[in-house]
Amino acid sequence: MQMKIAVSGCLLGQKVRFDSGHKRDDFVMDELSQYAEYISFCPENMAFSNPRPSIRLVKNADESLKVESNKTGADLSDALSEASKKDLDNIATHDLRAIIFKSKSPTCGIGSAKVYLENGFAAGKDDGVFVAMCKEKFPLLPMEEEGRLCDAWLRENFVMQLFSYDSFEKFKLGATMNNLVEFHRINKFMLQSKDESLYRELGKVVGNHEKKSFIEILGEYEFLFKTAIAKKSSKGKTRNVLEHMAGFLKNFLDSEEKAMLHEQIDDFAAQITPLILPLSTLKLYANKYKVNYLLEQTFISPYPKELALRSDVKSVK
Ligand code: SF4
């Protein structure tokens, strides 16, 4: 069964924008769509249909936000809030793996919706009305904007989070203490590439020295795992992981092979070559010398290789 992802309708090519246009997104429609079923939403279209006057967020004297029509100045907060609740209820009926929003929208922008003062001056940026509701309802669910997904590093991080989240949800269905230990083991390097200290905390949860019930352990593990995969990787963290993986091969490689592998890791960290190069070399040697511990790691292949996100030197920062 494909993953379900809720997506702003305009990104799916639906003509729901204020001007009856759309903002079809190529990555969403042509690449990620191979692996996901999309659930669309558009609170503005539900509330005001189209075409409609555009709207904006305005800061009240008490710092709260309201929604105003750009044409008439009418307060449309209640109508948009009501439609957003309906869309929220609808997407919540699905077992979602992520939400992808349209950037800069007063409804769908994640921290990118412009906010104005009553006098028309700019007052920074904030979450759109629907985004604020989604964050409250699904605090651990992967969420991203299409604008940010144009950045190779943010795209790679989001896709890894998405597939890792999905892997946990599938794992959870038949989870036992034994396979939790196994799940943690195969996710070691993926988690370390995100957050070393959360990886260690997760290890303590699995160790269960306080003899908690499995339900309690699984709940704690889920919270920390989903928090860890939401963190962004960095050149430094990924380099440490690659060096650590190379350590598992040191007894098999001659000095020339070791030097070549370390050069590839250095070149990756210097953003001369993409991550796929040292990873392919590690995989080649792990296969040759049957180092199953490495081959089983989700970090080797956290999402379908066809997405080719690790082939871009800009996919790290
Ligand atoms: S940004 Fe959100 S509210 Fe605006 S047209 Fe797209 S889906 Fe609808």
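Please read all numbers here as calculations on a predicted model, not as lab measurements. Atoms within a ligand are numbered from 1 in the order they appear, just like the ligands themselves.
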>> Can you classify the ring geometry of Phe189 versus Phe248 as parallel (below 30°), tilted (30 to 60°) or perpendicular (above 60°)?
In response: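 Geometry flag for Phe248 against Phe189: perpendicular rings.
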
> Phe41 vs Phe130 aromatic rings, parallel, tilted or perpendicular, using cut-offs 30° and 60°?
Replying inline: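 Rings of Phe41 and Phe130: tilted, 30 to 60°.
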
With heavy-atom distances below 4.0 Å as the criterion, list the atoms of ligand 1 near [X].
{"X": "Phe41", "answer": "7 (S)"}
{"X": "Gly9", "answer": "7 (S)"}
{"X": "Arg17", "answer": "5 (S)"}
{"X": "Lys102", "answer": "1 (S)"}
{"X": "Cys42", "answer": "3 (S), 5 (S), 7 (S), 8 (Fe)"}

> Taking 2.8 Å as the cut-off, does an N/O/S atom of Cys108 lie below it from atom 6 (Fe) of ligand 1?
Replying inline: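 Within the cut-off used here (under 2.8 Å), Cys108 places no N, O or S atom near atom 6 (Fe) of ligand 1.
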
> Closest non-hydrogen protein atom to atom 4 (Fe) of ligand 1, residue and atom name please, with distance?
Replying inline: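 Residue, atom and distance for the closest contact: Glu44 OE2, 3.8 Å.
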
> What is the closest protein heavy atom to atom 6 (Fe) of ligand 1, and at what distance does it sit?
Replying inline: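 Looking at atom 6 (Fe) of ligand 1, the protein heavy atom closest to it is Cys10 SG, 2.3 Å.
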
>> Among residues at least two apart in sequence or on other chains, which ones pass salt bridge (Lys or Arg N to Asp or Glu O under 4.0 Å) with Arg155?
In response: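 With neighbours one apart ignored, the set is empty.
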
> Does any non-hydrogen side-chain atom of Asn45 lie less than 4.5 Å from one of Arg52?
Replying inline: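 The answer is yes, as the side chains (C-beta and beyond) meet within the 4.5 Å cut-off.
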
>> For the residue pair Arg97 and Phe138, would you count it as a cation-pi contact if the rule is NZ or CZ under 6.0 angstrom from the ring centre and within 45 degrees of the ring axis?
In response: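 Arg97 over Phe138 ring: no.
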
> Is Asp26 salt-bridged to Arg24, cutoff N-O under 4.0 Å?
Replying inline: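 Salt bridge between Asp26 and Arg24, a charged N being under 4.0 Å from a carboxylate O: yes.
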
